[in-house]
**Q** 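Okay, handing you the structure first.
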Amino acid sequence: MSSGEWAPLPGMADLFSPESELWHAVEEGAREVFSCYGVREIRTPILERTSVFARALGEGTDVVQKEMFSFEDRGGRLVSLRPEGTAGVIRALLRLGAAAGERVFYMGPMFRAERPQAGRRRQFHQVGVELLGPPSPMADAECVALMAHLFERWGLGGVKIRVFTRGRSADHPSVREGLLRTLEPHEAELCAECQRRRSTHPLRILDCKVAGCRTVVERLPPMTGFMSAESRGYLEEVSRLLKRLGVPAETDARLIRGLDYYEHTIWEATHPALGAQDAVAGGGRYRIEIDGGVVEGVGFAVGLERVILALSGGDAERFARRPTVWLVAVGDRAREENLVWAQELRRGGVACGLDLAGRSVKAQMRAADRSRAVWVAVRGDDELAAAACRLKNMATGEETVMPVAEATARLRAGA
RNA sequence: GUGGAUGUAGCUCAGCUGGCAGAGCGCCAGGUUGUGGCCCUGGGUGUCGCGGGUUCGAAUCCCGUCAUCCACCCCA
């Protein structure tokens with residue numbers, strides 16, 4: 001039943017096998033890739049002072065204004081569940097005295113009070129990377145390449161990577177003014193939503209899905225025209241390096257990011273199998289000021305729900321861990337002996353299953369088959385008397401009687 | 001926050017204009033006195049999401065409510 005007070009809260013999900021195995025595989029794959037890049041794990045609190053996010057992401061952003069789970073804690077502090085990973089990580093690194101050159105990743109749940117939808121939960125999970133250091137096209141290119149490497153490691157094909165720039169911080173006002181100025185003659189052609197956006201988030205007009213707005217946007221001069229030569233050169237350098245690194249990224253002048261802390265390089269990865277929420281990852285270079293300190297770096301976050309959605313389309317079954325052997329007992333005495341044997345096998349690292357309910361041999365065999373165990377070991381009074389077992393290969397049906405000690409050794413050896 | 005759709009068995013769903021609550025899959029048992037997959041047989045009381053209303057009678061019609069899904073918005 002999907003309703004009632006025992007169901008999870010809206011936008012929150014219970015996760016169980018085989019999906020949990022798929023999650024584990026994805027997380028392990030990421031750890032493997034990170035270790036190759038010298039990126040170390042950092043774990044920060046899920047609950048932070050609201051000001052940490054407000055300051056880092058921008059007071060006026062939608063995430064801060066209407067999407068955070070915020071409340072007053074018992075000490076009267078205004079706190080929020082983290083809506084993204086960067087702010088808390090930067091806060092922690094600042095306090096730990098981390099310097100430029102620090103490379104970290106984080107993994108875990110994030111919370112946003114939005115209406116649930118395909119690929120969007122209220123509790124969702126991200127794995128993200130932060131590479132600290134001052135603006136550097138090489139660092140940015142390495143970071144995008146690292147993200148691309150992750151998709152490769154996960155076997156997620158068809159990812160489209162788009163790169164652009166917000167320009168250095170000093171360029172932001174002139175970009176905004178330039179955009180509004182060139183937009184003026186086309187004001188009437190914009191949708192109602194974009195009319196409103198002109199005064200709130202003008203850059204978002206570039207990203208509008210309405211056909212009329214898109215044709216207006218296509219005739220607009222590139223935003224790089226309102227940036228300094230330095231900013232334009234930076235983007236060109238990043239694109240050149242990405243090409244050399246073999247990362248299939250295309251520059252897209254319509255690309256925008258929603259958080260205020262970005263400057264220079266920004267990017268996004270999308271996947272066609274995802275529906276309306278098709279961004280699997282997003283990132284960029286940032287400059288964050290908290291509590292008098294300034295942190296510069298480049299990073300990205302990947303939405304794990306979306307990766308898994310794009311990855312499997314329901315085929316999580318193949319990631320389920322299967323037992324190496326299933327112990328079948330004929331009679332109560334063998335059942336107890338099997339319990340003892342199973343403990344020995346498991347302590348030796350052999351994944352082992354058995355049925356303790358005292359069901360028929362046939363039922364036990366069916367359970368073994370369903371578990372997709374590679375081997376089945378059958379023991380009854382005859383085998384117990386001889387300290388033996390019948391080891392059966394479930395794929396071939398071949399069955400051999402052998403001493404228990406030998407079976408144990410063979411199972412531990414992995415065959 | 002806005003809009004659209006949907007809630008019936010463990011799962012996927014059928015149930016036409018109100019008249020005994022169903023199918024497939026799964027699961028359990030047997031056919032095989034100690035052996036899985038294929039086949040055959042048997043096994044179904046499920047708050048028809050919840051609460052009201054209309055009616056002789058409601059899974060079906062009406063109202064409310066909760067939940068889920070999808071889209072907008074925003075973002076991963």
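In what follows, every chain begins at residue 1, and chains take the letters A, B, ... in the order their sequences are listed.
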**Q** Using the C1' atom as the reference point in each nucleotide, state the distance between B:A59 and B:C73 in Å, no decimals.
**A** 36 Å
**Q** Map every base of RNA chain B to its dot-bracket character, where paired means a Watson-Crick or G-U wobble contact with both distances under 3.5 Å and | marks a partner outside the strand.
**A** (((((((..((((.....[..)))).(((((.......))))).....(((((..]....))))))))))))....
**Q** Any side-chain to backbone donor/acceptor pair from A:Ser70 onto A:Ser80? Under 3.5 Å, distance only.
**A** no
**Q** Nearest 0.5 angstrom please: A:Arg121 CZ to A:Arg112 CZ, how far?
**A** 14.0 Å
**Q** Considering only the C1' atoms, how many Å lie between B:A21 and B:G64, rounded to the nearest integer?
**A** 26 Å
**Q** Using atom P in both nucleotides, what's the gap between B:G24 and B:C40 to the nearest angstrom?
**A** 12 Å
**Q** OG1 of A:Thr182 to CG of A:Leu220: how many Å apart, nearest 0.5 Å?
**A** 4.0 Å
**Q** Side chains of A:Thr265 and A:Asp140: donor-acceptor distance under 3.5 Å anywhere?
**A** yes
**Q** Considering only the P atoms, how many Å lie between B:G18 and B:U2, rounded to the nearest integer?
**A** 34 Å
**Q** Drop me the distance from A:Met223's CE to A:Leu203's CG, to the nearest 0.5 angstrom.
**A** 8.0 Å
**Q** What interatomic distance, in whole Å, is found between C1' of B:C27 and the corresponding atom of B:C63?
**A** 40 Å
**Q** If you measure from the C1' atom in B:U68 to the same atom in B:U8, how many Å do you get, rounded?
**A** 15 Å
**Q** At under 4.0 Å between heavy atoms, what does A:Pro83 touch on the DNA or RNA strands: base, sugar-phosphate, or nothing?
**A** nothing
**Q** Under 3.5 Å, is there a donor-acceptor pair between the A:Glu189 and A:His186 side chains?
**A** yes
**Q** Polar pairs (N or O, both sides) under 3.5 Å between protein and nucleotides 33-36 of chain B?
**A**
unit_1 : atom_1 : unit_2   : atom_2 : d
B:G34  : O6     : A:Asp382 : OD2    : 2.9
B:G34  : N1     : A:Glu383 : OE1    : 2.9
B:G34  : N1     : A:Glu383 : OE2    : 3.0
B:G34  : N2     : A:Glu383 : OE2    : 3.1
B:U35  : O2     : A:Lys392 : NZ     : 3.2
B:U35  : N3     : A:Glu399 : OE1    : 3.1
B:U35  : O4     : A:Arg390 : NE     : 3.0
B:U35  : O4     : A:Glu399 : OE2    : 3.1
B:G36  : O2'    : A:Asp369 : OD2    : 3.1
B:G36  : N7     : A:Lys392 : NZ     : 3.3
B:G36  : N1     : A:Met394 : O      : 2.5
B:G36  : N2     : A:Asp369 : OD1    : 3.1
B:G36  : N2     : A:Met394 : O      : 2.7
B:G36  : N3     : A:Asp369 : OD1    : 3.2

**Q** Can you sort out the partners of A:Glu237 under side-chain contact (heavy atoms from CB on, under 4.5 Å), two or more places apart, ordered by chain and number?
**A** A:Pro137, A:Arg240, A:Leu241
**Q** Any ion pair linking A:Glu218 and A:Arg254 (charged N to carboxylate O, less than 4.0 Å)?
**A** no
**Q** Could you state the CZ-C1' distance from A:Phe16 to B:G10, rounded to the nearest angstrom?
**A** 14 Å
**Q** Could you write nucleotides 70-76 of chain B as a row of B, S and -, 5' to 3', where a protein heavy atom under 4.0 Å of any base atom gives B, of only sugar-phosphate atoms gives S, and otherwise -?
**A** SBBBBBB
**Q** With a 4.0 Å cut-off on N to O distance, would you call A:Glu32 and A:Arg153 a salt bridge?
**A** yes
**Q** A:Arg162 and salt bridge (Lys or Arg N to Asp or Glu O under 4.0 Å): which partner among A:Asp207, A:Asp278, A:Asp252?
**A** A:Asp252
**Q** Quick test: give all pairs of protein nitrogen or oxygen and nucleotides 42-44 of chain B nitrogen or oxygen below 3.5 Å, distance rounded to 0.1 Å.
**A**
none

**Q** Quick one: list whatever passes side-chain contact (heavy atoms from CB on, under 4.5 Å) with A:Pro109, sequence neighbours left out.
**A** A:Ile46, A:Arg82, A:Phe111, A:Gln123, A:His125
**Q** Write down the distance separating the C1' atoms in B:C66 and B:C75, rounded off to the nearest Å.
**A** 27 Å
**Q** Would you kindly give the CG-to-P distance between A:Asp14 and B:U68, to the nearest whole Å?
**A** 12 Å
**Q** Below 6.0 angstrom between ring centroids: does that apply to A:Phe105 and A:Phe34?
**A** yes
**Q** May I ask you to check whether over 12 heavy atoms, not counting those of A:Arg55, lie within 6.0 Å of atom CZ?
**A** no
**Q** Between A:His149 and A:Tyr37, is any side-chain donor less than 3.5 angstrom from a side-chain acceptor?
**A** yes
**Q** What is the distance, to the nearest angstrom, from the CG atom on A:Asp355 to the C1' atom on B:C28?
**A** 13 Å
**Q** Rounded to whole angstrom, note down the C1' distance from B:G46 over to B:G7.
**A** 15 Å
